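Input: a single structure, listed below in structure tokens.
Everything numeric in this text was worked out from a predicted model, so none of it was measured.
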Amino acid sequence: MSSELLAPLDLAFWHLESTAHPLHLGALAHFGPAPRGTGQEPPDVLGLLARRAAAVPRLRMRVRDVLLPVGGAAWSVDPDFDVHRHVHEVSLPGVDFTAEAAHLAAELMERPVARGLPPWEMYLLSGAPDGSFAVLVKLHHALADGMRAVAIGAGIFDEIAAGRRPAGRARPVPPSSWLPGPGRLLGLARDRLGDLGRAVEVGASVVRASRLDGRPTAALAAESSGTRRIATASLPLERVHRIRRTTGGTANDVLLALVAGALRRWFDGRGRPLPAADPRALVPVSRRRPGAPARSGNSLSGYLLDLPVTEADPAARLTAVRGAMDRNKAAGPFRGAGAVALLADQLPPLAHRFGAPLAAGAARLLFDLLVTQVPLPRSALSLGGAPLRALFPMAPLARGQSLAVAMSPYGGQVHIGLVADGEAVPDLDALARALTAELDLLDPPEA
């Protein structure tokens with residue numbers, strides 16, 4: 001049976017999770033009804049999901065502890081794998097299917113995935129009167145970052161499933177009886193000293209860029225209630241690009257400015273004063289190179305961005321975001337507090353296992369919210385012939401934080417998934433609506 005050691009960042013995610021702070025990624029995909037001829041039966045979507053998920057080798061892997069390296073863990077094939085433990089169907093009333101799906105997805109996102117099994121789940125949400133349906137996918141962050149999650153989850157789509165290639169062989173884990181010789185021990189010691197030196201360098205960069213007073217934006221900080229709310233929004237991608245062409249920068253700069261403006265509008269709508277300092281967002285950056293062989297583990301760093309919520313002028317907010325992101329890119333993802341993911345790569349497995357309780361609350365010292373973009377294939381996708389209408393990505397919440405924003409362009413729209421602590425942000429729908437209002441400020445709709 002082949003096995004593969006968890007990469008350092010994957011191991012960190014595995015040990016940082018708690019019952020109140022599950023660390024799984026999610027996506028809520030909405031599909032239209034499948035076209036059918038006269039007398040043709042509707043497709044068996046649940047069976048199709050089960051068959052295609054079972055055919056993805058990565059989804060058969062579970063985490064187990066290993067003796068070496070000390071404190072490490074490995075992916076190994078679950079000998080008792082049963083896809084029906086992971087794929088389920090829930091029928092909704094169908095009165096307001098979109099709202100019902102979001103409400104149920106929030107409840108399901110509250111629950112951690114089972115750790116003794118391959119750490120993922122899929123739910124078919126049915127019951128819409130027109131035959132449309134939704135699929136909720138949950139993948140533990142140790143299993144995949146955003147780009148890897150797309151690659152894994154894409155295996156359920158008709159277009160990808162038809163052309164799937166056999167997966168490459170996993171790296172074998174040394175047997176538990178493996179003992180290094182003196183030369184190997186010396187090499188390991190040199191490697192560990194090198195890792196320690198790099199850890200000190202990256203760690204110093206993280207500390208220099210951190211807010212040492214540890215005071216996050218109060219409205220975005222919360223003791224976890226263990227509950228989740230989900231809201232969604234869709235923005236026309238052409239309008240985002242029209243703003244970009246007029247102002248310069250990137251489409252992501254425009255989207256970040258829209259988030260900043262929506263937060264300002266949301267703060268005002270709650271009848272509270274604006275925060276004294278702009279909230280800081282972590283903007284994850286993938287370190288995967290296009291065309292490079294796919295790594296199984298997480299490959300992330302990140303930029304930190306003070307969202308200009310205190311700036312009243314929408315154009316000035318966009319200018320501030322564009323300038324800050326240009327400075328981040330010039331410095332690179334290896335410097336600043338966003339490099340904390342790189343620091344994880346330099347630490348030994350034992351440090352992740354026993355340091356997780358100490359590190360779990362560190363996120364609030366670094367950033368107030370997460371804002372991430374998850375790319376999707378540009379081609380039209382379907383499941384059992386049913387066209388994909390929208391896919392809303394969902395990011396996990398770090399301890400002490402109450403809001404995460406994830407965005408995916410697809411089908412001429414930017415689909416935005418907002419995940420919040422259910423008690424800290426009860427009016428999440430208002431924030432979703434504010435995103436559309438902010439787009440109208442930067443790109444006024446035609447009369």
Side-chain angles (χ1 to χ4, degrees), residues 1-18 21-25 53-83 85-86 112-121 138-149 151-153 155 166-181 184-185 187-189 191-192 194-196 199 287-288 292-300 341-357 359-360 396:
M1 178 177 7
S2 62
S3 299
E4 171 186 328
L5 287 172
L6 267 71
L9 186 54
D10 302 346
L11 193 63
F13 285 136
W14 189 249
H15 290 307
L16 282 170
E17 181 176 64
S18 67
H21 300 88
L23 280 180
H24 50 256
L25 309 172
V56 178
R58 198 74 193 163
L59 297 183
R60 292 174 168 266
M61 308 286 278
R62 66 178 181 178
V63 176
R64 65 178 181 86
D65 292 337
V66 295
L67 293 180
L68 291 173
V70 177
W75 294 105
S76 63
V77 175
D78 182 356
D80 301 316
F81 176 76
D82 180 355
V83 71
R85 295 177 178 174
H86 303 266
V113 295
R115 292 173 72 89
L117 301 173
W120 64 274
E121 298 170 0
K138 294 168 56 176
L139 298 172
H140 197 284
H141 212 334
L143 182 65
D145 56 23
M147 290 186 69
R148 182 73 180 180
I152 292 174
R169 295 181 62 188
R171 299 188 306 273
V173 174
S176 59
S177 60
W178 175 83
L179 291 175
R184 175 61 176 158
L185 282 172
L188 288 171
D191 290 345
R192 184 49 56 209
D195 288 347
L196 180 60
R287 292 188 286 136
R288 299 184 191 278
R295 289 178 52 189
S296 59
N298 282 271
S299 185
L300 292 171
L342 302 177
L343 179 60
D345 283 344
Q346 311 301 331
L347 297 177
L350 201 60
H352 290 300
R353 185 176 292 269
F354 292 106

- Task: Measure across L11 and A73 and return the closest heavy-atom pair with its distance rounded to 0.1 Å.
- Result: CD1-CB, 3.9 Å
- Query: Would you say L139 and P119 make side-chain contact, with heavy atoms under 4.5 Å?
  - Reply: no
- So which heavy atom on A74 is nearest to which on V66, and how close? CB-CG1, 3.7 Å
- Message: Tell me every residue that passes side-chain contact (heavy atoms from CB on, under 4.5 Å) with H86, counting only those two or more places apart in sequence or in another chain.
- Response: F81, L117, P118, W120
- Query: With sequence neighbours excluded, what pairs up with H24 under the side-chain hydrogen bond (donor to acceptor under 3.5 Å, both in side chains) test?
  - Reply: none
- Query: Mind checking what makes salt bridge (charged side-chain N to carboxylate O under 4.0 Å, His left out) contact with R60, not counting sequence neighbours?
  - Reply: none
- Message: Tell me every residue that passes side-chain contact (heavy atoms from CB on, under 4.5 Å) with E17, counting only those two or more places apart in sequence or in another chain.
- Response: P22, L23, P112, R115, H140
- Item | Side chain to side chain, M61 and D78, heavy atoms closer than 4.5 Å | no
- Message: I need the D10 CG to E4 CD distance, nearest 0.5 Å.
- Response: 8.5 Å
- Measure the spacing between CZ of R85 and CG of D80 and express it to the nearest 0.5 Å. 6.5 Å
- Task: Drop me the distance from L59's CG to L143's CG, to the nearest 0.5 angstrom.
- Result: 6.5 Å
- Message: I need the minimum non-hydrogen distance between A144 and L25, along with the two atoms involved.
- Response: O-CD1, 3.3 Å
